[in-house]
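Everything below concerns the one structure shown next.
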2 protein chains.
Amino acid sequence: MDKVHLQNNVFSYFNRLGDEIDWKRLSTPIEVHLTAKSEYLFQQGESAERLYFLHSGLVRYVSVSGEGKEFTQTFAKGPRIIGSTRSMVTRSPVLFGIQALEDSIITSYDWGEFYQQMRRDNAFLECYSHFLEEIFILKEERENTFVKDSAERRYLDFCVAFPDLKERIPQQYIASYIGITPVALSRIRQKLKLKNRL
Amino acid sequence: MDKVHLQNNVFSYFNRLGDEIDWKRLSTPIEVHLTAKSEYLFQQGESAERLYFLHSGLVRYVSVSGEGKEFTQTFAKGPRIIGSTRSMVTRSPVLFGIQALEDSIITSYDWGEFYQQMRRDNAFLECYSHFLEEIFILKEERENTFVKDSAERRYLDFCVAFPDLKERIPQQYIASYIGITPVALSRIRQKLKLKNRL
DNA sequence: TGAGGGAGTTAACCTAGGTTAATTTCATTT
DNA sequence: AAATGAAATTAACCTAGGTTAACTCCCTCA
């Protein structure tokens, strides 16, 4: 599990989105983070101007409201880029923390350096914009779901979108992902159970 | 108001995000749309794989739920890029229509051709990714607002985010932007009025 | 073995916002 | 000036989900 090997994982992930990236440009050092279950990679409010890559494991993005209520923005399973685009780009504190739900292997680069070194590489930029397109589309879908759908519908959608996660993570996190309390989710599940009995 | 002039508007808008774009690459023809107040540039469900630019005027993005309820995703004032990133990128039907709230001058390019012609230009790609970063960040903020804030809070935020629009557009569209019914918005405004009397 | 302690369930009550419908206000057309 | 009609307000009633709290399962750890 050396750094070279991990770095190659990251490269091949990027290469899947658009090939011929000239990785020789990249000299900024990779950093390794081993984040154990329930620990935080970084906390809300810190500055996390790094490009993180989740090699293996499972995390959630959690943000806490002024009144202290937790809200799960999303879940992410490796292998996958993670982190806060907003914080990287605007050089401002992150609006959410990243918590490991299972032991996770994560690496990171300083985004400022990474971007400066790679931004003249056309293949990289194209790949970066495809990544942005993708996360934008997901956010747009999520916006729609909150406005148009009931909590019950959102729960059913969650079960389709993350079929394996339903068993793997505590129910309260699912509730906070669909934007309701654990109590309300329990009620909904109860109702669904009765409905399917008929 | 000839096409050359309009095209220059679009170019200089892009150039503000990142200069030195080589516009000589671009040969796909620009198209002009004059969309009168309350008319649609395109309707939900159509294919709108074009890069639109709103030169002047005001529009809203409207999507209609299965039950026939309207929801306003956002408002856009010219000059600004408009359209559906999702539809452009995934070549799928748009999930919302664009309706003019005031007479608007809009131009468009076929996105497939535009992108093919410009994608080798580093300055353009960089500028495109900055655009994507920006719209992603806005969506993320909007996601947060729906989960964490009350409708009253969202209304107050709207008034700050679009100070001029409060007077310019019908209240029902504001309601549908913050995700509530016109009746509920009216109630909230009433409550705020009383509160500020004290 | 048994004593926490967190996660989920259930029930009772509360509240924000939805629904329907009546009323008013204002803008446009004739 | 009258007539139409859409937009906003208000009131009465309803419902989804929040809040609090009691109760039950585990699971862990001593």
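So that the names make sense, note that chain A is the first sequence line, chain B the second, and so on, each numbered from 1.
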My understanding is that only residues two or more places apart in sequence, or in another chain, count here; which of them pass salt bridge (Lys or Arg N to Asp or Glu O under 4.0 Å) with Arg25(A)? Asp22(A), Asp121(A)

Which residues satisfy the salt bridge (Lys or Arg N to Asp or Glu O under 4.0 Å) test with Arg119(A), sequence neighbours excluded? Glu126(B)

Not counting sequence neighbours, which residues clear salt bridge (Lys or Arg N to Asp or Glu O under 4.0 Å) with Glu31(A)? List them please. Arg50(A)

Restricting to ring-ring contact (aromatic ring centres under 6.0 Å, His included), what partner residues turn up for Phe131(B), sequence neighbours left out? none

Restricting to ring-ring contact (aromatic ring centres under 6.0 Å, His included), what partner residues turn up for Tyr61(B), sequence neighbours left out? Phe96(B)

Tabulated below should be each protein N or O lying under 3.5 Å from an N or O of nucleotides 23-29 of chain C; please produce it.
none

Return a table of donor-acceptor pairs under 3.5 angstrom between the side chains of residues 162-170 of chain A and protein atoms on other chains or two or more places apart.
residue, atom, partner, partner atom, Å
Asp164(A), OD1, Lys77(A), NZ, 3.3
Asp164(A), OD2, Lys77(A), NZ, 3.1
Asp164(A), OD2, Arg168(A), NH1, 3.0
Arg168(A), NE, Glu102(A), OE2, 2.9
Arg168(A), NH2, Glu102(A), OE1, 3.1

Listed partners of Tyr52(A) passing ring-ring contact (aromatic ring centres under 6.0 Å, His included), at least two apart: His33(A), Phe42(A)

Sorted by chain and number, sequence neighbours left out, salt bridge (Lys or Arg N to Asp or Glu O under 4.0 Å) with Glu70(A) holds for Arg60(A)

In degrees rounded to 10°, what angle is found between the helical axes fit to the five outermost pairs at each end of the helix from dT1(C)-dA30(D) to dT30(C)-dA1(D)? 30°

Residues two or more places apart in sequence or in another chain: which of them pass ring-ring contact (aromatic ring centres under 6.0 Å, His included) with Tyr13(B)? Phe53(B)

Which letters describe nucleotides 7-20 of chain C, given B = protein heavy atom under 4.0 Å from base, S = only from sugar-phosphate, - = neither? SSBBBB----BBBB

Do Pro79(A) and Asn9(A) have side chains that approach each other closer than 4.5 Å (heavy atoms only, starting at C-beta)? no

